[in-house]
Amino acid sequence: MEIPEYNPKEIEAKWQKIWEDEGTFEASHDKSKPKYYALIEFPYPSGEGLHVGHPRSYTALDIIARKRRLEGYNVLYPIGWDAFGLPTENFAIQHKIHPKLVTKKNVARFKEQLKSLGFSFNWSREINTTDPEYYRWTQWIFLKMFEKGLAYKAEIPINWCVSCKIGLANEEVVNGGCERCGGEVVRKVKNQWLLKITAYAEKLLNDLDTVDYIEKVKTQQRNWIGRSEGAEVDFPIADTDHKVTVFTTRPDTLFGATYMVFSPEHPLIDEWKDKISNMDEVEEYRQQSMKKSDFERTELIKEKTGVELKGVKAVNPVTNKKISIWISDYVLMSYGTGAIMSVPAHDERDWEFAKKFDLPIVEVIKGGDVKKEAYTDVDDGILVNSGFLNGRPMKEAMEAMIDWLEEKGLGRRKVNYKLRDWVFSRQHYWGEPIPLVHCEKCGWVPVPEEELPVLLPDVEHYEPTDTGESPLAKIKEWVNTTCPKCGGPGERETDTMPNWAGSSWYFIRYADPHNDKEFASREEMDYWLPVDWYNGGMEHTTLHLLYSRFWHKFLYDCGLVPTSEPYQRRTSHGMILGENNEKMSKSRGNVINPDDVVEEFGADAFRLYEMFIGAFDQSTPWSQQGVRGCRRFLERVWKLQEFLTDDEGYSPELEGKMHQTAKKVSEDIERMKFNTAVAALMSLTNEFYAVGRVTRDEFKDFLILLNPIASHITEELWQRNGYEGMLNQQRWVVWDEDKAIEDVVEIPVQVNGRVRGTTTIPREASQEEVRIKILEDENISAFINGKNIVKEIFVPGKIYNFVVK
RNA sequence: GCCGGGAUGAUGGAAAGGCAGACAUGACGGACUUAAAAUCCGUUGGUCCUUACAGACCGUGCGGGUUCAAAUCCCGCUCCCGGCACCA
């Protein structure tokens with residue numbers, strides 16, 4: 001039989017068409033089979049097109065998905081588009097094209113690119129977050145949250161670009177300036193919708209113990225949630241009925257609290273206007289810190305600043321001494337109560353502040369020199385200058401103080417979190433409209449369920465208004481509506497949702513993407529959820545991953561989804577860098593376009609290289625030479641046909657290697673050691689060449705093992721060489737553990753830990769047998785003769801070591 | 001500052017206490033070719049020794065330690081990458 005040249009272009013197009021025509025990778029509706037749900041983060045269809053970083057994750061889970069199918073699972077491996085968001089909106093503004101059209105164009109391009117790579121996505125379940133049939137349910141879930149009191153409005157400072165007159169997301173503020181124009185960014189208070197994710201802080205934290213996420217992800221989430229235990233303490237304000245509550249993790253040091261500091265935004269300051277004698281000075285400080293961006297407030301940490309509130313004093317509830325009250329921007333309104341008790345002797349920040357303003361420093365834990373610096377290494381410290389706590393160790397003092405506070409009604413045990421509520425409003429066009437109507441009489445009223453979706457209306461211009469409202473505010477006929485409750489005049493909310501909204505539940509929709517009655521049917525969710533394996537980037541650990549866990553837990557508490565966690569397993573891939581070892585970016589000019597690679601080397605070579613490039617969880621530079629090497633390997637695989645014999649079974653000389661390779665490839669794929677799985681297949685191929693023959697069964701199993709990675713060439717070789725059916729209908733290779741172990745092994749022989757030779761022995765050989773054989777070897781025994789053997793270590797099948805003197 | 005991760009040939013990387021450098025890339029040599037490419041075969045950590053076969057010593061960021069045996073475990077550093085950062 002004449003063997004044509006390996007022509008990836010032809011065979012890749014051929015198999016992609018067959019798979020599509022036959023619906024090969026459609027998840028079955030037959031629920032008798034065990035299911036497997038593999039998920040990758042659905043892409044944002046940017047105008048740049050696919051980047052070589054995307055397919056790293058997609059190929060990895062494509063391999064898992066394909067392997068699971070060969071193992072007999074009913075696999076769901078879906079794809080969709082996270083298409084709302086700023087880049088599209090900005091492009092639309094610049095080019096005066098409707099974002100809908102921009103999105104459509106970008107999606108088409110991404111789709112074509114993804115299809116050319118031959119991923120086994122379930123295309124009939126494709127979803128798009130900007131599709132009204134999809135965002136109808138995003139709005140619906142939001143309304144559920146609103147109903148349960150988890151969505152609320154609050155005055156929240158946003159990042160405001162003075163020149164663009166636009167609110168920016170935190171990630172759009174780069175080095176204190178606007179990402180787009182580089183202009184000044186200040187804080188501007190706006191009335192915004194927030195979601196009460198903090199209500200789920202405890203669950204989000206504790207339930208990390210129930211899921212299989214890589215440790216790095218768990219740690220980052222734990223840090224982000226930032227749970228800390230302590231107490232709230234009430235400080236009475238002298239000569240008033242007021243009291244101010246603070247949160248502290250160190251109630252044991254209360255005797256050392258010599259003054260208080262409020263955040264400049266603290267609302268009590270306004271209430272005390274008349275009492276504060278230096279209100280001008282105070283106001284000026286407040287104005288200044290208001291103008292400062294978050295960046296300045298946190299970066300300029302060299303010197304503490306602040307102003308005393310003259311005319312008011314607080315009382316330390318345990319010493320009963322009057323203490324002064326200050327304001328300073330190192331105290332954040334958004335954490336704890338917005339006010340702190342200051343213990344300069346044992347807190348670095350307080351110490352700096354006290355030094356600067358010459359405030360009293362009282363040592364309450366023995367051991368340091370509080371005149372020189374704050375003494376904070378106090379875990380085993382003993383209390384001093386602390387009344388009833390004197391002489392007690394710190395941990396005990398902590399408990400005693402809290403008990404005392406609770407007894408006297410002056411304080412209570414308290415847990416605090418760094419996690420903040422989720423600012424859910426965007427003053428942009430290209431997002432889901434928030435489905436609420438404001439009525440003078442009834443307040444905020446949800447749009448009735450049957451009227452969803454609230455459609456995004458067409459506008460002339462996508463720029464925000466001068467006041468920073470979203471462009472929707474300009475469409476009076478859309479804004480002005482009737483109150484769903486009382487029928488009176490009402491106004492629609494013009495803020496839209498952030499693009500984290502649609503991605504917070506998309507994996508649920510995949511289970512039942514065309515359902516027009518519910519967000520997904522219970523039956524489909526019961527079968528498919530949770531996601532078995534979710535791979536994505538580390539950059540989504542604290543936002544997307546946490547947000548979607550929050551939404552899912554909320555839905556679970558409403559009895560709407562069957563599991564309390566959305567994702568059973570979460571892994572993460574490393575970045576692919578440019579050939580110069582720098583992050584790939586247009587501006588650095590080191591971007592590799594997957595289309596070009598596929599054009600030159602083929603999709604199989606591309607996928608193979610994406611996996612062979614290096615450790616999956618590590619970042620690593622691209623190498624065009626490396627792709628060439630993978631293409632070369634596929635050429636060698638193609639030529640194996642020339643060595644194909646009519647023999648069945650494994651040949652004696654390759655039997656061990658076949659079993660070893662099956663085991664190695666299977667196990668490495670599960671551990672995401674794709675690079676070594678590929679290496680094992682290359683190594684086996686080298687063996688086939690060395691032997692110069694390959695039996696039908698050897699070739700068959702080799703093709704199955706290679707199929708998840710290089711899917712087109714293996715299907716083609718399967719068909720060309722007369723194997724039955726299609727490769728994707730076969731079963732994964734079963735290996736025999738015993739046969740994967742060599743009967744005869746070569747072990748190193750050491751003398752005093754240095755390798756002096758090797759010996760080949762039967763695996764089961766006894767120490768005595770091995771010993772005799774070794775001592776027969778003159779090269780080795782030369783190192784032993786004339787010396788005393790002190791000790792001999794024999795690890796069967798591994799090593800023999802003589803210790804001599 | 002805090003929390004992760006990392007550092008191994010010229011390069012990407014392999015090695016879950018047991019022969020460091022699998023598998024590739026590149027380089028060099030050979031075969032084929034009028035020639036080149038492609039392909040195939042071989043060599044390729046360093047230093048020394050040797051006609052050769054062989055052999056010796058050194059070597060996994062740096063300094064110590066544990067062990068018969070350390071890239072791997074422990075202690076102390078350096079540098080790089082990622083995340084968080086006045087969170088009371």
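A note on names: the letters A, B, ... follow the listed sequences, proteins ahead of strands, and every chain is numbered from 1.
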Provide, to the nearest angstrom, the distance between the [atom1] atom belonging to [X] and the [atom2] atom belonging to [N].
X: Ile793(A); N: rU67(B); atom1: CD1; atom2: C1'; result: 9 Å
X: Asn580(A); N: rG12(B); atom1: CG; atom2: P; result: 13 Å
X: Leu634(A); N: rA38(B); atom1: CG; atom2: P; result: 17 Å
X: Leu332(A); N: rC84(B); atom1: CG; atom2: P; result: 16 Å
X: Tyr609(A); N: rU25(B); atom1: OH; atom2: C1'; result: 9 Å
X: Lys805(A); N: rC68(B); atom1: NZ; atom2: C1'; result: 12 Å
X: Ile613(A); N: rU11(B); atom1: CD1; atom2: C1'; result: 12 Å

Under 4.0 angstrom between [X] side-chain N/O and [N] OP1 or OP2:
X: Ser619(A); N: rG82(B); answer: no
X: Arg754(A); N: rC58(B); answer: yes
X: Ser228(A); N: rA88(B); answer: yes
X: Asn223(A); N: rC2(B); answer: no
X: Arg632(A); N: rG26(B); answer: yes
X: Gln220(A); N: rG83(B); answer: no
X: Lys791(A); N: rC68(B); answer: yes
X: Asn686(A); N: rA24(B); answer: yes

Go ahead and name the base partner of [N]; Watson-Crick or wobble counts if both distances stay under 3.5 Å, otherwise write none.
N: rC68(B); value: rG18(B)
N: rA88(B); value: none
N: rG9(B); value: none
N: rG82(B); value: rC3(B)
N: rA36(B); value: none
N: rG55(B); value: rC48(B)
N: rC77(B); value: rG61(B)
N: rC28(B); value: rG42(B)

Of Ala680(A) and Arg628(A), the one whose nearest nucleotide on RNA chain B sits closer to the 5' end is Ala680(A)

Considering only atom [atom1], compute the distance from [N] to [M] and round it to an integer number of Å.
N: rG65(B); M: rC28(B); atom1: P; result: 44 Å
N: rG55(B); M: rC41(B); atom1: C1'; result: 28 Å
N: rA56(B); M: rC23(B); atom1: C1'; result: 30 Å
N: rU44(B); M: rG6(B); atom1: P; result: 31 Å
N: rA27(B); M: rU11(B); atom1: P; result: 15 Å
N: rC32(B); M: rA36(B); atom1: C1'; result: 12 Å
N: rU66(B); M: rG46(B); atom1: C1'; result: 29 Å
N: rA37(B); M: rG30(B); atom1: P; result: 13 Å

Per the O4'-C1'-N9-C4 / O4'-C1'-N1-C2 angle with a 90° window around 0, rG46(B) comes out anti

[Y]/[X] salt bridge by N-O under 4.0 Å criterion:
X: Arg412(A); Y: Asp234(A); answer: yes
X: Glu599(A); Y: Lys9(A); answer: yes
X: Glu399(A); Y: Arg413(A); answer: yes
X: Glu41(A); Y: Arg570(A); answer: yes

Classify the side chain of [X] versus the base of [N] as yes if they form a donor-acceptor pair under 3.5 Å and no if they do not.
X: Arg671(A); N: rA16(B); answer: yes
X: Glu746(A); N: rC19(B); answer: yes
X: Lys418(A); N: rC84(B); answer: no

(Q) Can you confirm whether Phe783(A) sits close enough to Arg754(A) that some side-chain heavy atom of one is under 4.5 Å from a side-chain heavy atom of the other? (A) no

Within the 4.5 Å heavy-atom criterion, are Met394(A) and Arg250(A) side-chain neighbours or not?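 Counting from C-beta outward, Met394(A) and Arg250(A) do come under 4.5 Å.
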
Across all chains, not counting sequence neighbours, the ring-ring contact (aromatic ring centres under 6.0 Å, His included) partners of Phe601(A) are none

